[in-house]
Amino acid sequence: MSKPQPPTPTNFIHDIVESDNASGKHGGRVATRFPPEPNGYLHIGHAKSICLNFGTAAKYGGTCNLRFDDTNPVTEDVEYVESIQADIHWLGFDWQDRLYFASDYFDRLHDFAVKLIQLGKAYVCHLSPDEIREYRGTLQKPGKESPYRNRSVAENLDLFRQMREGKLDENACVLRAKIDMNSPNVVMRDPVIYRIKKASHHRTGNKWCIYPMYDFAHCLSDSIERITHSICTLEFENNRPLYDWILDELKVESHPQQIEFARLNLSRTVMSKRKLMQLVNDKLVSGWDDPRMPTLAGLRRRGMTPAAIRTFCERIGVAKKRDTLVDVAVLEDCVREDLNRFALRIMAVLRPLRVVLTNYPEGQVDEFETENNPEDPAAGLRKLPFSKVLYIEEDDFREDPPADFFRLAPGREVRLKQAYFIKCNEVVKDASGKIVELRCTYDPETKGGDAKDGRKVKATLHWVSAAHAVETDVRLYDHLFTKENPGAEEEGVSFKDALNPESLTTLRLCRLESSVRAAKPGTHYQFLRHGYFFVDPVDSTPGKPVFNRVVTLRDTYAKAERARR
RNA sequence: UACCCGGUGGUGUAAUCGGUAACACAGAAGAUUUUGGUUCUUCUAUUCCAGGUUCGAGUCCUGGCCGGGUAACCA
């Protein structure tokens, strides 16, 4: 149980924090933030960022704020503000009373913009969007200065006021920072910092018709919150000089350090908001919480645990190497490791094959005790009813077994877990030749599953008494995509072409042991020899739990069989 | 090719003044097992290249090579 813990995983960001702490750069203070834009659902890539930000703060006795980066009212919505908070809490992190919104700072942000104008470092530009792009130049060619670049401070102040008061139309003009049109970094070629958007904001309503751009709002929000380490993904690398420029020009007291890391890519799924949105809109999945989705809502509905996701985020590490692909098997291993500890074991026959014990007395019912979790004796025992007609797994019988198959076959003896040894004597088929029933005998001398004469069997099967079984639906989930990296762009090929047609298999009329009749939605079980399953919180009804497969058990036999083919 | 970033087993990471290249997953073999699960043991496999400094280089220096990011009034 108590394996020696691996050394606390470290990463280059922790190195930076430790060297800052050693030099006293922030007075030993550590303050991070997780800054989602409320325009979509969180996915496992966000979980990496959440674990990094909250985890770093926790490791060094600091704080981590939740701040919504809600500077674009056109794409954002309260629906997401709520789902994001629920998802972070579910993952196991808490921002306590530090829930912030960039929109809370709109007044101050506006004042900073005014200050920048007064400093002669920002101007109102009437170039059209197309013209701005054209004037910006290209990656190789320098840009050229806007004809509006040298307006007086007074004129800029007046125009900016008119923008704010709604006197100017959208797209009529913008406020730009006055930096350097010849900068080798295009981000620094007089970036737009405020634009007119006559849109109602989910928090500030119609108070504003100008909204700050990310680059302007983000660094200043960090500064206002006295963030020490502003951790973000690699795509903001080129924006860092702008982040620093704004804070330097405005001479703010708090100047956080932006640090970029590589976002997560997981095999056999996609992570981009756009692609996930397509899956939902095209009805290729049932919604944002479809158990096959990499969204936190999907993973939760699937039955993945927060602890497993946290372990996963720890195991994959943090670095700056781009375009890496983490094998989804790592996630699956984390889930198995967590669930193995506490999931209660039950017998579930997914593809039932009827077995009649010809020598078992009609009407007799035996009761056997079995452990709820061999990993945890404290989980106790439960009773299983046993009778003349049973179901076993279709897969557990082969009429003509290969040499390494040691489950049931004609003339062969196996153990029914905790019950008896049984021997197959007769195979009953229907007109089409399909096996519909096995006629077997049981050995009363093996009650409990051990032979008094010491003879051994090579296999132990799970089983369910037909008369006592609960019939219900079980959904087997598999990877959404067959390709390792479906998100990798290839011309002429849509990521949707790689969708796995077998990502969902719904099994009806599965036979489960009677104890699950009372299974509560949101409970995890291990179906013996199958995998971990979760009682679906949405589709289950009283008396009829519906199960989602979280992940299969390792199956070395199936693997060997696959390798043979 | 303007600027920026990155290159360590199959994959993801670690190696903290330059000192035995390690951990996890994946893969292989075996032991245990009333789950072909778990657990345990063992194995396979790694520093982009070339020079230089050094007793010693994944790490430092020089020069290459390769890959990627960036030109929204998105974040």
Side-chain angles (χ1 to χ4, degrees), chain A residues 1 3 6-7 9-11 15 18-19 35-37 39 69 71-72 74-76 125 127-129 132-133 136-143 170-171 173-176 183-189 191-197 211 213-215 217-218 232-241 260 262 264 267 273 314-334 336-337 340-341 345 347 370-371 374-375 404-407 415-419 448-450 457-462 484 526-531 552-560:
Chain A
M1 195 72 205
K3 254 195 317 208
T10 187
N11 59 56
D15 291 348
E18 281 173 29
S19 96
E37 184 189 13
N39 72 343
D69 233 330
T71 57
N72 187 355
V74 180
T75 57
E76 297 157 5
C125 180
L127 251 25
S128 71
I132 287 184
R133 194 176 312 123
R136 188 152 35 221
T138 69
L139 296 177
Q140 270 83 18
K141 280 203 320 240
E170 279 189 29
N171 288 333
C173 59
V174 291
L175 184 68
R176 300 175 71 176
S183 172
N185 180 351
V186 263
V187 171
M188 298 297 272
R189 318 238 261 233
V192 173
I193 57 176
Y194 256 96
R195 76 291 215 192
I196 300 168
K197 273 190 191 290
Y211 293 93
M213 298 287 288
Y214 165 85
D215 286 305
H218 199 83
C232 62
T233 44
L234 250 26
E235 65 263 34
F236 296 102
E237 235 163 7
N238 294 302
N239 300 48
R240 188 178 352 116
E260 311 87 13
L264 166 70
S267 71
K273 254 175 207 174
E314 211 162 82
R315 278 193 203 173
I316 59 177
V318 178
K320 296 191 71 159
K321 190 159 44 165
R322 232 175 243 267
D323 299 319
T324 57
L325 191 64
V326 175
D327 193 337
V328 67
V330 177
L331 210 212
E332 292 167 352
D333 185 69
C334 292
R336 287 192 194 100
E337 183 185 284
N340 181 47
R341 283 195 282 258
R345 273 60 169 171
M347 303 232 219
T370 187
E371 69 278 297
E375 302 296 312
D404 63 350
F405 181 90
F406 42 79
R407 278 109 91 156
R415 168 166 45 229
L416 294 183
K417 186 173 165 67
Q418 304 295 345
D450 270 316
V457 288
K458 287 178 100 172
T460 302
L461 311 185
H462 61 277
E484 273 285 299
Q526 185 198 97
F527 289 5
L528 239 48
R529 307 205 297 133
H530 280 301
T552 61
L553 248 28
R554 278 201 189 82
D555 188 343
T556 50
Y557 182 69
K559 194 196 282 177

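Residue numbering restarts at 1 for every chain, and letters A, B, ... go by the order of the sequence lines. When reading the values below, keep in mind they use all heavy atoms of this one structure, side chains included, and skip hydrogens, waters and symmetry mates.
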Does a nitrogen or oxygen in the side chain of A/Arg133 sit under 4.0 Å from OP1 or OP2 of B/rA72? yes
NE2 of A/His462 versus P of B/rU33: gap in Å, rounded? 22 Å
Is the phosphate of B/rU35, meaning OP1 or OP2, less than 4.0 Å from a side-chain N or O of A/Arg415? no
Counting heavy atoms from C-beta on, name the nucleotide in B/rG68, B/rC73, B/rC5 closest to the side chain of A/Arg195. B/rC73
Remember a base hit wins even if backbone is also touched, and classify A/Asp15 as base, sugar-phosphate or nothing at under 4.0 Å, heavy atoms. base
With heavy atoms under 4.0 Å as the rule, sort A/Leu127 into base, sugar-phosphate or nothing. base
Selection from B/rG68, B/rG36, B/rA75 that lies nearest to any side-chain heavy atom of A/Arg322: B/rG68
Any side-chain N or O of A/Ser128 below 4.0 angstrom from OP1/OP2 of B/rC73? no
Of the listed nucleotides (B/rU1, B/rU35, B/rU70), which one gets closest to any side-chain atom of A/Asn238? B/rU70
Scan A/Val330 against the nucleic acid and name what it touches under 4.0 Å (heavy atoms): base, sugar-phosphate only, or nothing. sugar-phosphate
Suppose we define a pair by two distances each less than 3.5 Å, Watson-Crick or G-U wobble; what does B/rU20 pair with here? none
Reckon A/Thr324 has a side-chain N or O less than 4.0 Å from the OP1 or OP2 of B/rU11? no
Could you check how far NZ of A/Lys321 sits from P of B/rA14, rounded to whole Å? 9 Å
Mind checking if A/Lys197 touches a base, just sugar-phosphate, or nothing, with heavy atoms under 4.0 Å? sugar-phosphate
Considering every strand and a 4.0 Å limit on heavy-atom distances, what is the contact class for A/Arg136: base, sugar-phosphate, or nothing? sugar-phosphate
When only distance counts, do a donor and an acceptor, one from the side chain of A/Arg407 and one from the base of B/rG36, lie under 3.5 Å apart? yes
Partner of B/rG67 by Watson-Crick or G-U wobble geometry, both contacts under 3.5 Å, or none? B/rC5
Side-chain contact check for A/Val192: nearest option of B/rG36, B/rC73, B/rU35 is B/rC73
So if I take every side-chain heavy atom of A/Lys559 and compare against B/rG27, B/rA24, B/rA72, which nucleotide ends up nearest? B/rG27
The nucleotide from B/rC74, B/rA71, B/rU16 with an atom nearest the side chain of A/Leu139 is B/rA71
Is it true that A/Gln140 and A/Thr138 share a donor-acceptor pair across their side chains at a distance under 3.5 Å? no
Could you check which nucleotide pairs with B/rG58 in any of the strands shown, counting Watson-Crick or G-U wobble with both distances under 3.5 Å? none
Side chain of A/Phe236: nearest nucleotide among B/rG36, B/rA75, B/rU1? B/rA75
